[in-house]
Each structure stands twice: as C-alpha cells, then as structure tokens.
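Notes follow the structure.
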Amino acid sequence: TSITSAKIQVNGVHLHYQQTGEGSHAVLLLPGMLGSGQTDFGPQLKSMNKQHFTIVAWDPRGYGQSIPPSRDFPPDFFERDAKDAVDLMQALKFKKFSLLGWSDGGITALIAAAKYPTLIHKLVVWGANASVTQEDVRIYNGIRDVSKWSEKVRKPLEEMYGRKYFAKTCEAWVDGISRFAEKSNGNICQQLLPDIKCPTFIIHGEKDPLVPRAHAEYIHKHIKGSR
C-alpha cells in the first residue's frame, strides 16, 4: 500500500509522479489547473483498490514537483500535456491504461483518448469542457486574482508554489484558456470527441462554479456510447 514518488525524463522535461498498487488495470490520474497528483488525488492514491489497480498520479510540466520548467500556456498546451501523459505511462512500461481526468486533466484525457486510441482502456472525466464560451471567459476572470480565493482552496497551492509563482501562473492560465474563445465555436477539442472509442463515463457537479453543465452534456452527446 506504500506510495512511491519519483521523477522520469519525458519529452525533455523531468516529470514527477506517484505510484501505488499492483493490480493488472493501470490508471493515470490527471489533475486540474494548477493541481498536482498529491493536491488533487490524495484520497484516490490512499483508498483506490490496490489489488485491482496500479495507480499513477502525475504532475504536468510546470505544476507540482514537475518544476522546472515554469508553467506556460502556448496554444497547444492541452495537446502537449496529452502527449506528456501518454509518453510518461509508456516510459513506465504500461502497454494499456485508463485515464481519470479532472477539470483541465479531463480535457487532457479527452485529447489523449482520441489521439492514442490503442493505448487507452477506459476514460472517466469530470469538470471538463471541450470549448470556451464568452460566458466561460467571464467566469475565468473571476478567479484571476488568487488573493480573493477561499483560504481552503488557496492555502495548499500557496504552500506548494509560493505566493508569487501561484499568482502569476493562475493569471497566465486565465489568459491561456481564454484564447480558445477566439476560435471558431470556442473550440478546444470538439472535433476530437467522435474519435474517442473507449468506454467513457462523464461526471459533472450540478453546482460546478467554473464549468457550466452544458459542457458535460455536449461531451456526452459527441462521444458515442458514453454514459
């Protein structure tokens, strides 16, 4: 039941990950914006069935302990994360694995499942969106200033990053994700959804303050056979 913590070089960066369990079903946990394996998936690392699953939680580049490099948000940052995530699992010698993605990690998981269909066993996403509307941009700008966040959410991230890096990276994220609203239909990965062939389960919080539920409904409608 112990959790190992290590770094491995993938695509020119040293990615940090945690691993536990010895089950035949490998799963990768993908954290959300500014998150890490530990901050976003502490309960899953501790409590998921370790006989059934081998569980890996990763820190995307520039997040958690995968610094350096500093986090940036080029136009293809979701595709870059998807490639990093898949290449990490292959570097760890997993031939096939499932993806559990939350928020930005859900978007990354959608892209990975569409682009690498032979590698992905099953897919679970929650709090994810495949496009960005003008209303979404308004919501994102509401969280730009991290000093206004609730202490409960802010404190663990401030402790992990330091106040300056945390504040700067949150602003850069708002700018980076808002740029998708300028594209046709605010597209992030809408065109990829029909390419997802693995069994897919979509979960959404009715009161999610950041991602309106229409996003989850859109994803469900466009992934054939999803639940």
Side-chain angles (χ1 to χ4, degrees), residues 4 6-32 35-37 40-41 44-45 48-61 63 66 74-131 180 187-204 215-216 218-227:
T4 60
K7 282 190 168 187
I8 189 167
Q9 187 161 353
V10 176
N11 299 327
V13 294
H14 290 90
L15 295 175
H16 176 261
Y17 68 95
Q18 291 163 285
Q19 185 172 331
T20 186
E22 56 274 331
S24 58
H25 189 158
V27 297
L28 176 64
L29 309 175
L30 298 97
S36 67
D40 289 14
F41 296 114
Q44 286 78 11
L45 284 163
M48 273 180 81
N49 186 314
K50 301 192 181 187
Q51 278 70 52
H52 284 305
F53 300 112
T54 297
I55 302 136
V56 179
W58 81 309
D59 299 355
R61 62 171 75 197
Y63 284 164
S66 294
D76 67 341
F77 73 90
F78 283 118
E79 279 85 0
R80 182 181 67 182
D81 282 349
K83 183 167 170 36
D84 281 350
V86 166
D87 291 352
L88 166 73
M89 291 301 276
Q90 292 199 292
L92 296 174
K93 303 286 188 272
F94 294 108
K95 290 190 169 49
K96 202 161 183 169
F97 46 92
S98 292
L99 301 172
L100 281 72
W102 137 247
S103 183
D104 272 14
I107 300 171
T108 302
L110 291 168
I111 293 168
K115 288 193 161 183
Y116 309 96
T118 59
L119 301 176
I120 309 307
H121 183 43
K122 293 183 176 181
L123 174 65
V124 182
V125 296
W126 61 107
N129 48 304
S131 64
F180 288 103
N187 178 45
I188 301 175
C189 63
Q190 290 170 317
Q191 76 291 356
L192 292 175
L193 300 181
D195 296 341
I196 296 173
K197 303 291 185 250
C198 63
T200 300
F201 189 41
I202 299 147
I203 304 169
H204 204 78
H215 284 298
Y218 181 94
I219 293 167
H220 174 42
K221 189 177 165 190
H222 291 87
I223 299 177
K224 200 175 171 202
S226 63
R227 294 191 296 141

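Salt bridge annotation for Lys83-Asp87: present, with a cationic side-chain nitrogen under 4.0 angstrom from a carboxylate oxygen.
Note that CD of Gln18 is 13.5 Å distant from CH2 of Trp58, once rounded to the nearest 0.5 Å. The distance from atom CZ of Phe97 to atom CE of Met89, rounded to the nearest 0.5 Å, is 5.5 Å. One distance of note links CZ of Phe41 with CG of Leu30; it measures 6.5 Å at 0.5 Å rounding. With rounding to the nearest 0.5 Å, the separation of CD1 in Ile196 from CD1 in Ile120 is 10.0 Å. Taken from CG in Leu15 to CG in Leu88, the straight-line distance is 6.0 Å, to the nearest 0.5 Å. To the nearest 0.5 Å, the span separating CG on Leu99 from OG1 on Thr108 amounts to 9.5 Å.
Ring planes of Phe78 and Phe180: tilted class, angle from 30 to 60°.
Residues His204 and Ile219 are not in side-chain contact: their nearest non-hydrogen atoms beyond the backbone lie 4.5 Å or more apart.
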### Query
Yes or no on side chain to side chain contact (heavy atoms under 4.5 Å, CB included) for Phe94 and Thr54, after CA distance, side-chain angles and deciding distance?
CA-CA 10 Å; Phe94 294 108; Thr54 297; 3.7 Å; yes
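The neighbour count for Lys224 NZ, taken as heavy atoms of other residues, nucleotides or ligands under 6.0 Å away, does not exceed 12.
In the model, Ser98 has no side-chain atom that pairs as donor or acceptor with a side-chain atom of His121 under 3.5 Å.
Contacts of Asp59 classified as salt bridge (charged side-chain N to carboxylate O under 4.0 Å, His left out), with partners at least two apart in sequence or in another chain: none.
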